[in-house]
Student: 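A single structure is presented below for examination.
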Amino acid sequence: MATAQEKATLSQTASENPISSKSSAAAMATLIHDSLSDSAPSATTKTTAATPVMSRAQTCHPLDPLMAAEIAVAVATVRAAGKTPEVRDSMRFIEVVLVEPDKNVVALADAYYFPPFQPSLLPKTKGRPVIPTKLPPRQARLVVYNKKSNETSIWTVELSEVHAATRGGHHRGKVISSKVVPDVQPPMDAEEYAECEAVVKDYPPFQEAMRKRGIVDMDLVMVDPWCVGYHSEADAPRRRLAKPLIFCRTESDCPLDNGYARPVEGIHVLVDMQNMVVIEFEDRKLVPLPPADPLRNYTAGETRGGVDRSDVKPLQIIQPEGPSFRVSGHFVNWQKWNFRIGFTPREGLVIYSVAYLDGSQGRRPVAHRLSFVEMVVPYGDPNDPHYRKNAFDAGEDGLGKNAHSLKKGCDCLGYIKYFDAHFTNFTGGVETIENCVCLHEEDHGILWKHQDWRTGLAEDGKIEAEVKLTGVLSLGALQPGEARKYGTMIAPGLYAPVHQHFFVARMDMAVDCKPGEAFNQVVEMNVKVEEPGKDNVHNNAFYPEEELLRTESQAMRDCNPLSARHWIIRNTRTVNRTGQLTGYKLVPGSNCLPLARPEAKFLRRAAFLKHNLWVTPYARDEMYPGGEFPNQNPRAGEGLATWVKQNRSIEETNIVLWYVFGVTHIPRLEDWPVMPVEHVGFMLMPHGFFNCSPAVDVPPSTGDCELKDAVTPTKPIQHPLIAKL
């Protein structure tokens, strides 16, 4: 057993020939060979003159992300269902994602059609497994915005075997359901951002305001549309609105010049994004542009106040025997762990069916689905426009849609397996982010260590989950001689407001639960100091005290480092060799709560930030903590804060953990022009799940599996247990 911790890393990227895994069920593997092989694209998709043709339903595992052909069919099916050409032409496609099947369908697929080929996952009838003839057809869920009517609708399309043709023809897809969702606005799209920028820059009063500030070259101007949030009835979703922030680059001949170093303040712009017109404009205050900062650029070869560093020697990762992981489609085996990889435009990376192969005990599940479902960044400056900076990066924009292609030697090291990500653009075309997810291994430091003074021998261990934050500061301009206590001056006339970053991890747990079982509970552990007296004569005694969280209201909890507070997800019916219930514990890292007052407007939409931990019983439609449509949402507390008012029992059920963690960022000069990586995170680690330590070959092995999402900031996902997103 190696003493150094290995890390298998997954990132979102372009497909290479996969590393095929060999199943012990050789006969079954032979029968379904075509459905496992992804080395040849023709095995899963066929294309004829812009008409995608999908193969049989069992080609894809029920949890595999939608293929490009499936997305195209879903879009074509919905568009064809439009009653008139005008309706069809007004359709804008916000999201097309897989309808994730019930867990019993996943169990069927894992039993007979795909790895891990485990028939014991299914219930038996008269001593024999029930073997269905085929899996149900896959389905797609579409969020569609009608640009003419300003309506948002949700469609479900069955992806059948029928041949796909052009609009109005005979499609393979079949509309199962559709409904209009009133009083909402869906996420913004990059195409809208680009169109909004052009509209604002062409607006004559805006051009005149720029001239007052000495800006005549509109190619230097950067218009960044921001969702308006919800601060009053004026922001209601009856209109699709954006309030842009304005910046100006310094050099016209340098496309990589950092324009965010020169914010243009004092200008109020409100854009109707449905009709793409400026509906409000006011030049409120003439704030001088900050002087050109020679340290503003960070791109190699474009620095103005220094030279690029050249003192770092090459670091090469060599694996002469190849990687320790095996990949079949989206199924990953790494040492004794296995799991599936998913991807959505909103969440980015999703991890399914995390389990550990534990000798005679077989495949022991840990979690059904792990992802990051929201990221909120509230700013602490009460001045305009900064008080409106309260970005919901997943719900207003989409973490997955903002992923990028990863590069070998930069984002990923060593032997790499790449995966592509497919999603729809605003007009319904299919776009592919190549090399969007990558899987690789790397030395991750000490796993565990102990030195025996008698023998001098040492051995080592650690499992860690973290989020890495980096990027460019969102800045403000200062008047000459002005200072603000709500931020840090980082250059003459330039300051960075204080802000916070919050992440929400949604963990659909299944600790030692086979399909159909719901035997998990959550207990809170706090360390207590023993009262003075006969039980504490030396005044050194302390002990852990546990409390079962029985209801949703009782399970709204906050971190407490003073009592070493953590939470354990237990199986209520499985014990280890000492008779204790098996479990996994959530150990918080550094954390914080919102530093705004309870009446803050952004907390209407982000009430889930008020606690670090929430626990709910699994419900299929409870996916996003701020509701599905947080953009311009007028309904206070929608989502998690409303669901828990039912105060459902969580004593023994299918547990979903919502862990909210964040960091308070007080900018430093060293954060300019680009922020060095800052770390924040948590651990999800065995607690009585295994019978001994990693010194023997029964528990989690010597490694740590990291899954990297290509979204900025980089979000690693840790060990198959939980993510370093």
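Start at 1 with the first residue, then count along the sequence.
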Student: Parallel under 30°, tilted from 30 to 60°, perpendicular over 60°: which one fits the rings of F325 and Y415?
Tutor: perpendicular
Student: For I569, which residues count as a side chain to side chain contact (heavy atoms under 4.5 Å, CB included) partner, sequence neighbours excluded?
Tutor: M509, V511, N520, V522, L657, L684
Student: Evaluate the ring planes of W614 and H611, with Trp represented by its six-membered ring, and classify them as parallel (under 30°), tilted (30 to 60°) or perpendicular (over 60°).
Tutor: perpendicular
Student: Just checking F689 against Y356, ring centres under 6.0 Å apart?
Tutor: no
Student: Quick one: list whatever passes salt bridge (charged side-chain N to carboxylate O under 4.0 Å, His left out) with D508, sequence neighbours left out.
Tutor: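 By the salt bridge (charged side-chain N to carboxylate O under 4.0 Å, His left out) rule, D508 matches K103.
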Student: Would you mind reporting whether M375 and V377 have side-chain heavy atoms less than 4.5 Å apart?
Tutor: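 SC-SC contact between V377 and M375 confirmed.
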Student: Counting C-beta onward and ignoring hydrogens, is there a side-chain heavy-atom pair between R573 and E652 closer than 4.5 Å?
Tutor: yes
Student: Indicate the atoms forming the closest heavy-atom contact of E158 with P137, along with that distance.
Tutor: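 The pair with the smallest heavy-atom distance is CG-CB, 3.8 Å.
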Student: D397 versus P187: any side-chain heavy-atom pair under 4.5 Å?
Tutor: no
Student: With sequence neighbours left out, write down each residue that passes salt bridge (charged side-chain N to carboxylate O under 4.0 Å, His left out) with R648, or none if nothing qualifies.
Tutor: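 By the salt bridge (charged side-chain N to carboxylate O under 4.0 Å, His left out) rule, R648 matches E552, E622.
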Student: Taking the six-membered ring for Trp, are F114 and F331 closer than 6.0 Å centroid to centroid?
Tutor: no
Student: Taking only residues two or more places apart in sequence, or in another chain, which ones meet T432 in a side chain to side chain contact (heavy atoms under 4.5 Å, CB included)?
Tutor: D420, H422, E434
Student: Does the plane of the ring in F690 sit parallel, tilted or perpendicular to the ring in W337? Use 30° and 60° as the thresholds.
Tutor: perpendicular
Student: Flag the pair R346 and E95 as a salt bridge only when some basic side-chain nitrogen lies within less than 4.0 angstrom of an acidic carboxylate oxygen.
Tutor: no
Student: Taking only residues at least two apart or on different chains, which pairs with a member in residues 510-522 satisfy salt bridge (Lys or Arg N to Asp or Glu O under 4.0 Å)?
Tutor: R364-D512
Student: Any side-chain donor-acceptor pair under 3.5 Å between R369 and S371?
Tutor: yes
Student: Is there a side-chain contact between L63 and H330 (heavy atoms, below 4.5 Å)?
Tutor: no
Student: Heavy atoms, side chains only, cut-off 4.5 Å: are V373 and P625 in contact?
Tutor: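 Heavy-atom side-chain distance check passes, below 4.5 Å.
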Student: Please answer whether the main-chain N or O of D64 pairs with a side-chain N or O of R138 as donor and acceptor at a distance below 3.5 Å.
Tutor: yes
Student: Go through the structure and list residues passing side chain to side chain donor-acceptor pair (under 3.5 Å) with R141, not counting sequence neighbours.
Tutor: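 R141 satisfies side chain to side chain donor-acceptor pair (under 3.5 Å) with E628 only.
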Student: Between R570 (side chain) and H687 (backbone), is there a donor-acceptor pair under 3.5 Å?
Tutor: no
Student: Rounded to the nearest 0.5 Å, how far does CH2 of W567 lie from CG of N612?
Tutor: 6.0 Å
Student: Is there side-chain contact between Y624 and F392, with at least one heavy-atom pair below 4.5 Å?
Tutor: no
